Structures are given as C-alpha cells and as structure tokens.
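Below: the structure, in structure tokens.
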Amino acid sequence: MTDPAAFKTLSAHKHGAQLTNCRFDPAGERVYAGGQDFAVVRLDLATGEMTSLVAHDSWPWAYAFSPFEPLLATGGYDGKLVWWPIDESKPVPIRVLEAHDGWIRSIALSPDATRLASVGNDGFARLWSVRDGSLLREWRAHESHVYSVAFHPNGHDLVTGDLKATLRHWEAPTGKLVREIDAAKKLHIYDNSFRADYGGVRDLAFSADGSKLAAAGLVENSNAFAGVNEPGVVVLDWAEPGSSPLLHRANDALKGTAWNVRFHPDGYILALSGGQGGGGVLFWRPGEERPFHTAKLPNSARGMDLHIPSNKIATAHIDSHIRIHEIPAKTA
Amino acid sequence: MRRCDYACGTREHALSRRSFLAGAASAAAAAALPFGGGLSTLAQPAVAADLQSRQRQFLVLWLYGGVSQLETWDPKHGTDTGGPFRSIETSVPGIRISELLPRTAKLMHLMTLVRGVNTGEDDHGRGDVLMQTGRPQMPGVQHPHLGSLMSRFLTAADNPLPGYINVAPYGSGAVNAADAAFLGPKYGSMTLTDGKAPANLDADPGLEPGLDAAREALRKRLNERFARSRRSALTDAYTATYDQARQLMERKEVFDLSKEPARDVERYGSHDLGRHCLMARRLLMSGVTFVKVSHTNYDTHNENFDFHLEQLDEFDRPFAALLEDLHVSGMLEHTTVVVKSEFGRTPNINHLYGRDHWSKAWSIAVAGAGFQKGTVYGATNDRGTEVVDGQVSAADLFHTYLRAAGIDPTDDYSINGRDVQIADPRGKAIEEILA
Amino acid sequence: MESALPSLVFSLVLAFAPSDAPPSEEAAAAPLHERIDALIEAPLEGRVSPPADDAEFLRRIHLDLHGRIPSQAEVEAFLADQDPEKRSKIVDRLLEAPEFALRMADHWDLVWNERRPDKHVKAPHWREFLRRAAFENRPYDRLVADIFAADGSEADPVERAASKFVLDRDADPHVLARDVGRLFLGRDMQCAQCHDHPLVDDYKQAHYYGLFAYFSRSAVVEVPGKPAALAEKADGDVTFASVFKSKVTHSTLPRVLDRPADPEPSFAKGDEYRVAPGTNVRHLPRRSRRALLAEELPDPEVEAFARNGANRLWALMMGRGLVHPLDMDHSDNPPSHPEVLEALTEEFVACGYDVKRILRAIANTRAYQRSSVPADHLSDDDLSPERYAVAPIAPLAAEPFGWSVMRALGIVESYRSAAESEIERDPRLKAIFEAMPEGEGAALRARMVAERVHDRLSPSLGTFHNVFGAAPGQPQDASDPTVQQALLLLNGEPVKSWLGTIAAQLAPIEDLDKLAEALHSRILSRPPDEQERAATREFLENRTGEARTAALKQLAWALLASAEFRHRH
C-alpha cells in the first residue's frame, strides 16, 4: 500500500520554456512534456537527459503511447497529429496529419492499441488507424470545443467531454451516440459579466475496472477572467452516471483548476490542481468530498501523470521544470 | 424678450465655436431610408450616390476589457510571447494577422492596422477615458467622448435620431449624459441594452390622436410662456427631448431587427454580437451618426487563449459581415470604422495562461472613410514588447479619427471664455494613414 | 418601519429638540442671513433680480426642504396668507415637519452612499439610522463621528448601520481615503495617491496617506453567526513614495490634512490586542486607528471639515457650492464668495453644527429668495450662476422629480389620507398618542403618517432613479434632460396610470375655472393666468363623462411635461 501523506519530490529538470502537460511512457522510464517553445520535451529519468522533439507549429498538448511498440502520438494547438518513433535518439516524425481545424485538446488510444481517438476545437471526434494513420471514422461530437476523450477499458465505449461540461458516450466502432451525460455539468459556468463560457472537462479517466469515470475541471468560479475558482473532480458510476455523482473538492478554498485526474490501484483518486493557489496534488478516498491529503508543489503546475507500478508522479510546471515525485509505500 | 437668448455660462453658450459649426449646420439632412431592411435599397446606384453626399458616419467596435494585439492584429507566432495561435495570410500580401480572424483577414485590403500604439495607461477606468476622449483622466475635468463630438459636429440639425448610440450587451438603457461632458446631454450616448429598442417607444393605443395633438400643443404653449421669462439652454434642451422622442416613436422601426432578412441574421450570427452588429448596420443605414458596438469581455488575466478563441470567434464573423456590407453598399465611402479597446495585453504569458494589461505596445484597426486601405503603420519588435517604428499615442489616434471624419482636431472650443483645442494639443494626426 | 413603534416613541422624545437654542457669540452682530446678503450684493451694486413671487418662493422652499413641490392646499393657504412674516414662518414650519427629516435622511444617503447597492449593511437599517439622526437634528459633527465610531459589531441593527459607510466600501483604505477627502473635506485627492497632485498644489500625497492610515489596518471580517464587522490589526505602518521620486520613502501616522498626528502609545509585546487575532475571531487592538477618525475628522482644528459641511448645505439650497465643484476645494479654485463661506463655516461651528440653523439662515437670504427671472438691467456677466444675482434654473434630480410627479398627480395625498385614517382607526396608537404630553402625541402621529407615506411610495421611485438618476457611485445632484425621460413621460408607467388618479380626483369639479385653478396649483404650484384658464376651457368644453376624464388626463399631462414643472426655478 502506498502512503500519499509521505508524498515527496525526487527531482526537478529544467527546460528552456514554460511547460503545459506531461506523460510517462508505459515503462515509466521517460517523461514527455509540452513546451511553449513548441517542442515535445523528452526526459530520460535514468540520465536526466532532455531532448526536444520538434514538429509541431504550436504548443503540444495531448499524448498517447502504444503499450506494444515504441510509438508516441502527440496533438497540439496547430491541429496536427504527430507520430514519433520514440526509441530513437533524435526522433523524427513518422507521420504528421492535419487532423483538426483548430486545437487538438485530447487524444486517446484504444486498449488494443489499434485505434487513436482525437478531439479538437472544430467539434469533431476522429478515429485513426494506428497502423497506417488512415482516418477510420469522424463525426461531429459536440457543438462547443471538445476538451477531452477517453476509451473505456472495454475498448467499445468512448467518452468525450466539452467546454460546457457535457459528456457524451459513443460506440467507438460506429460513432453512434449512446447517451448524453449531464452529471459533470458543475464543471462549467457561463460567466455573465464577461459573457463567456468557462470551465469544461479538462481530463477524463476511467477506473481500471471501468466502473467509474472521473472528470476533472473547476468549480466555485467567482471571476472567470481572474481565474478565481477551485479545482473539482466529478466521479460517476459508468453504468448509472445520473445516480449520485460525487464532486470531489479541495480544502481551504484552494484556488485552481484540476488539470488531470487518475485512479490509483490502492483505491484513492488523485488530481493536479494548478492556478491562483499554486500547484498541488490532491488525494481523495472514494466517496469523500474533501481530500485526505494535499501535497503542495513548489510551483504552479499544469499537467500531471501517474506511473504504475513505480508510483511515480510527473508534473509539468510554469517555471519550465518537469518535477518527478514519489508516493512511497506505507511503512509499518 | 431679452437681448441674450441664453443665460451665460450655460453649455450651449460655451459652444459658440469659431469656424466649422457653420459647415456642420449646413450638412445635408439625413435622408430617411425605407425600412425594408437588408442591403437591397443600398444596392441601387441612385441611393448609394445619395448616401455619398450625406453626412459622415462613424462606427466603433469597442472590445471591452482590452483585446490582445497578439491574438489579433500583431501576431508573434513562434516566439516565447506569441502564444499557441498561428498567423495567417490576409487579402494583402505581406500582412499577416492571427488565425483567430480568418474572415476579417479576407478584408484586409479595406483596412489599416496601427501597430505602434503606446498609450501608457494600464487601468481600465482611466484607459477607457483616455481612449474615448483622447485625453488622460483628470479629476474635475471632463471631455466629451468621440461619439459625443461626432454627434455634435456631424449630425444634421433635422436628423431625428440620436447622434450617438451604444449597442451593448448590458447597461441601464439610459442616456449617459456624462459622455458628452460640456457639449450637453443631447450628445450623450443612448445605450440600446442588448441591442433592444429604448423603452416606452410605443404610444398609448387608447390615446385618441386629436387629444394627443391637443396635449402637445398645450405643452408647447406652456413652454413658450415659461421661456418668455426664463429661457435657458437646459430648459430648451428639455423641451427638445419631447420632439426627439416623438420622432423616435415615428421611426421606431429603426430599432426593429425583425425587419432584417433571415439570410443576414444567419450571416451575422444569432449570438449577441451578431445581432448587435446587424443592429449597427441598421442604425447606420438609418442615418445615425455614431454607433459604438461593445463586445465584452477581453480582460483575460486567466486563460487568455481559451477566451480569445471564444470571443474572437464571436467577433470575426459579424465584424467581417458588417465591414463587407458597408463596403458593398458604398457606405464605407463616408463611414469611418475603428476597432479599439482600453489597452492591449502583455506579451508575457502569466501562470494562468493569461495576459495582463499592457498599453506600451499594442494595436488598433481602422477602415473606411478618411483612411488608406490595406496598409500597416508602425511596428513592434520581434517579441512585441516595444514599439520600434511609428509610435503613436492616444491623443494622436484621437486627432486621426477626427481628421478621418472631416473635423479639424486643432480647432478650438470656447468654454467660459477659455479656448480649448478639440483634441489634446499634445497629439497630432497620423498623416501617413489618412486618405 | 411600521413595526418599529417602540423605538419611534423612544426617539421622539429626543426628536423635536428646538434647534434655535442658544445663539452664537456675536448676538449683537447682524444675523447671518443679512451678513450673507451684504457680502453677495456689494459687488452687484443693485444689479439683482427682484424677489421671487410667493408661489415661486413656496415651490422652491418645498423642493429644497422637503424634496418635493407643495400640495394644492399648501399653495392655496400660502397665497391667501396676509402675514408679512409668512416666508420666514413657512421656513420654520417646513424645518420642523417630519418630511424635512425624511428628506435629510435621503439626502445624506445619496451624498454618502451614492446609490451603491447594499453590501454588508441593509438599506432599511441605514435609512433608519439616518432618520433617527435627522429627527433629533443630530449635530453634523456628531453624525459624522457616529459613522466612523461604529464598527459593525453593535447589537442594535440600526446602530450597527452607522458603519455602512466603511463596511460597504469593504473597508478598502484607498476607496475610504478618497471618499473621506471628497465627501467630508471637499477634496478629491485621488491624483495624490501616487504623487503630489499634478494640477492642484494644495493636495499632497501626505494628505492622502494621512487619511489612508486610519483605515489601513482595518478589514471586514465575518465571524460565523454574526454580521460582518470591522477588525483591526495592531501593526502595519503606512509608507509611501512618489512615483516621480520613488527612492524617497515617507511614512505617516493617521492624520487629517495638516492637523498634527497624535503620538501613538506603545504597548508591551503581547499586550497590543484587546482581542488577539485567531481563527473566527474579530481581532481588536488596544488602540484603534480607525476609531480615532471619529474624533479627529470633526475636530474644530480641521477647518476643511466644517467648511465642506457648510458648503454642502449652501449647495443644497442654492444649486451650487460657494466652492464648486464641491470636492475641489483648493487655492486655484477659490470660493466665489470667500467671506460668505467663512461666515457660514464660523456659524456652523459656533452653533454646534446645527444643520437646521444653517439651512434656515440661507433660506432667509434675499439671495435665496430672488426670482429666477433675469431682470433686464443685468449684464451677461451678472447672470453667471456664481454671482447669485438671479435664482438658478436647474433640472430636478431624480428623487425630487419623482416625488413631485407623485404629489402633482395626487398620489402622495391619497396615500396620506389612507395612512391618516389607518392610524386614526388604530386604538392602540390612539392610546399612545393620548398618553403623551401635549403636542408630542400630535408630532408622533404626524411623523408616523409621513413615514408610512414615504416608505410606501419610495419603491415607486425606482423608475425615476433608473431614467433620471446618475450611475451608482457618481454624484447624484442633478439630472440632465434625455430623450428617455421624455419617452417615460409620454408613454411610460407608472405615469400613465397616475394620470388616471388625478383625472378621477378632479373630474367631480364641474366649474371649469375652479378646475383650472386646482390643476395649476397642484402641478405648477401657482394659479393659472387668463390664457391658461382659456386653455382649460378649450380642452374640456363640450366633453362629458369618460371623454371629459380622458381629456382631463391629457390636460394634466401637458402641465406635467412642461419645462416649468421639470425644473427648479
């Protein structure tokens, strides 16, 4: 069993530009982060070596790895999907697709690693063949910007979330809408004084058994344009999303946005909060509104990933650092 | 009858202007256009020709809160300040603007960009005063807004419509007399809240016309009686508001957007700004001198990119439609268009993906009557942190707007016997962009 | 405030304290109003307009002291009155009427609160606080002291409401420094926040920060279960530097303008607090800087305080300040009549800041009572408003206009009769009145009637605030004409329905001459002339029944929409 209260930072690695998002490779040996200099930064944890992967014409934002081959797909603000052979010392893209008209906010690989789903500001969801990059299917998924996409562990169900915090459940093979889920609506507001939508589903994660879905974002917004809001994670029952979804919130009115959320095999949920209140990793027990632990980060962060089984956490920061942390095992 | 019509020191008296008033007074009357809506009436050459001989008109798009120059007119893609959005080609080779304005980009040949704006005022309230009046805010001193000036100097005396209309998403719906400062409340801005007609435009259907005429005649007689002994600018202004109100009632269709063709509603978009821009077209076609359309809000200290994506998507479509319509109808020949804010936004991207207030190096866009077309004036450095060429101040811009509308900004008002130049004497017009 | 009967009875005991108590030192000197007239008229050498006629005067004094035009009965009674002293007598009568206290409470609310929406203190409590003060003619210096002495912890919600000025500005020291300067010292020192004022030599950055220092340690706290109140730290010094000379840093203790600052006592460490800071407590220092302002602002040594107060009372009656604008008192903007302002200020201090006394003196001047019709022998320069050779003509502000419309159309009087008969029928009240000493019962009764009318009709002013008022947080002292105002009167509610009220009230008057008199006295506060009588006949002749009522409505409308009605003149 791990002990989140013993959360500790192991190392920090500086890049030349502010970072947006990050992801572990499946082996937990490398971390990839998006730089505001348009580079995908590869950090080798063993050596600390950092390599810039250059192909995007804007901020890289979304990541997906194949568990079966050394392949990384990235999506960015430029609407491009880029496929990288990540074992090479200086990776050169295998493939660059003009995938969306506008920013790609999220991509996800099917559990069998054959299909890649991407969503973007153009409102479309697209399914790509991992083998040859061909477009398998596309459909207009939302009326507003699509912020996130996730495959259910069954490989059949696909869920997307948008700026208005609407969740839609699709049949992945057909693109058919199964149902619309309103249970995460708390993650959106229309700010009347500013006349704009704000919030949205910033990240989606299924529990390993596929019974729960977590949607991350923000709540308690009092001033959209100053970012006065608190992180929020809605966890709902996938079979019956409408039945008592739980909103997990921060302690002490911590200000920020929940950028990423993960289920830990030990049963708790963790999310990254970054924003006005600085950076923090929040840990909740299932069914409890408030976190049992909040690990403060030295700088506000915008992206987080969890690696299992190493129990390492990577965070991407505004001060241009990738930080690596650990959730140690409980001592007796 | 007194030898002096007005008690001295009143506003009207303060405005015995030296020269160009005579010109404005003789300006051709605003021809009342048919209320059919759409551009069909304007497509006829005869009507268009008539329009060209008509009064100058002015349109301001006010992007409230401070739009980012980097996400609009002066993109710096590929630098640390540029943010994620790319720049795109426009209809003028060599001029690139943000990819968030694809429709506007196609009309760049009608526009001029001013990229070296340095206004030195980072506060919303004071920036607003500075950009609306061309002068810094000073306690106890108020200068008229551009709209009030235009209303005062460009509106023909027999034009029944308010000279300065502000189409805004919200507001009290009242006339803001303070905008007019010493010009007098008549030249204040009338706000059409959410683009809707002013309240109380409908006459009481139960009031028989004969009685209505009789009450009006009696009101006038009472006012004449009062004016025989106590005439003043303010009492005259008050009695005049009733005539103006009746004329507005007769022309209430001016405010009725349902008269516009469905295809135009579609082209402009059914969102607030779409409807408001269509209303602006309707008002300008009806002969309103100065229309300001406010779009809110661009004060993006947080999530600058998400919000500019949203707001500029709302802006690009109706703005391009409106500019194109003004062009096609020939109205752009006598209508000046300005897109501006209180200030721009910082090149630095803060920890909330936001940009903060920034007045040191930002941009505005202009088009239409009085201006060159398809050009850029001024430049900032690679990272957008400083003006490196063609720096202009808020006062310079104000001079330029007035010149574009045919008003000499160096002319004087006389206020309580003291001459005050219309535009801040510290500024001068940007000759290079004037037609 | 109909439920507040016990407190009403209590405060009434304090209420009608005679305001013309001991005269000031120079009893031998000419009365203040005569000295004012001498000073104003000396440079004019006889070039002044003649006195206003009785109707003009009566309308003006009602508007200024009660905030609305006189009723038809009041007009008729005053015009018929043959007493040569009737003008000074009506001034006295109006000052002692409950409507005056209600008007002053509304006035201070507008001046100090500037139509801000409620934040921490509810408007009814705040109004009741101001009313209590107005009914007892609380001295101006004490009223202001009360505002800064309250900290929001008072158990009685009305006493607590005194803290609205500070609490509803969120105890923001910048907002408060500016507003205390503007509203109580006649100095808008906003530009002195960052450096000495660039245009006004007298406004120093040190003055701004001296005021700032009273508030810089205070904050609004909301302890669970209690209303918001002010807490204060025991430390935190105010330093400031000019943006022009940023290397030179100054520090200041709390002080009002150039009044010397009191030295700060020092407390042993751990003993600085009465209530030490902690979770969910309202921390309080041994010595509150903020509370000092209650003593130091109205201090006679601070001349600007009394001077601004006197200038504001002058402006209330005369349409403009002797120093004008009211918050630009500095040597480059001198008063139009420095000696008048001096005399007024001296008297204000000498009589113990008695508001009624100052207003009475102003109302009794010839300057106040002049006609607004410019005499032919006046030069253009003489007509400048700051010479006071002729009474000014100015649009009524939102409240007096709305109240006057309601009075003109018979709404006030019909609410009044309803309130009167209600109170008449209440045996409980009757017993209370009878148990009170001679005169006091009648006074309480009058106050209750006035308050009921005022409170029930105040909501109807909403439309007038919206269409005639200035924006919240802006001075609310005038209302320039706009087309929306004309549209409201032409077509809008509630005016349309109210025209039905007056038509119904006047329809029974058969005699057209009498009808013309009633209409003109009610709406224009004067009798009709021959032409106007003829116009009434023309309007109504040959009409009967509903047609006559319909015409009567529009006849009333024409008078209501006239420039004469819209303006104070």
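Since the model is a prediction, treat every value here as computed from it, not as a measurement. Note on naming: letters A, B, ... go to the chains in the order of the sequence lines (proteins, then strands), and numbering restarts at 1 for each one.
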Residue part contacting chain B, namely of A/His317, when any heavy atom lies under 4.5 Å: neither
Side chain / backbone / both / neither for B/Phe305 at chain A, heavy atoms under 4.5 Å: side chain
Pick from A/Asp191, A/Thr257, A/Thr20 with the largest number of heavy-atom pairs that fall under 4.5 Å of chain B: A/Thr20
Contact winner vs chain B - A/Ile318, A/Leu163, A/Asp37, A/Asp57, heavy-atom pairs under 4.5 Å: A/Asp57
Charged tip of A/Arg42 within 45° of A/Tyr32 ring normal and under 6.0 Å: no
Centroid separation B/His295 to B/Tyr298 less than 6.0 Å: yes
Greatest number of heavy atom pairs closer than 4.5 Å to chain B - which of A/Phe194, A/Trp59, A/Tyr77: A/Trp59
Note: B/Lys76-B/Asp382 ion pair, threshold 4.0 Å (strictly below): no
Residue B/Asp356 versus chain A: region with a heavy atom under 4.5 Å: neither
Heavy-atom pair count under 4.5 Å with chain A, highest-scoring of B/Gly354, B/Gly82, B/Gly83: B/Gly83
Closest-packed option against chain A by number of heavy-atom pairs under 4.5 Å, given B/Asn350, B/Thr296, B/Asn304: B/Thr296
Carboxylate-amine/guanidinium proximity below 4.0 Å for A/Glu143 and A/Arg168: yes
Portion of A/Ala226 that has a non-hydrogen atom of chain B nearer than 4.5 angstrom: backbone
Residue pair A/His142 / A/Thr160, side-chain donor-acceptor N/O under 3.5 Å: yes
Cation-aromatic face contact A/Arg302/B/Tyr353, 6.0 Å, 45 degrees: yes
N-O pairing of A/Asp162 and A/Lys164 below 4.0 Å: no
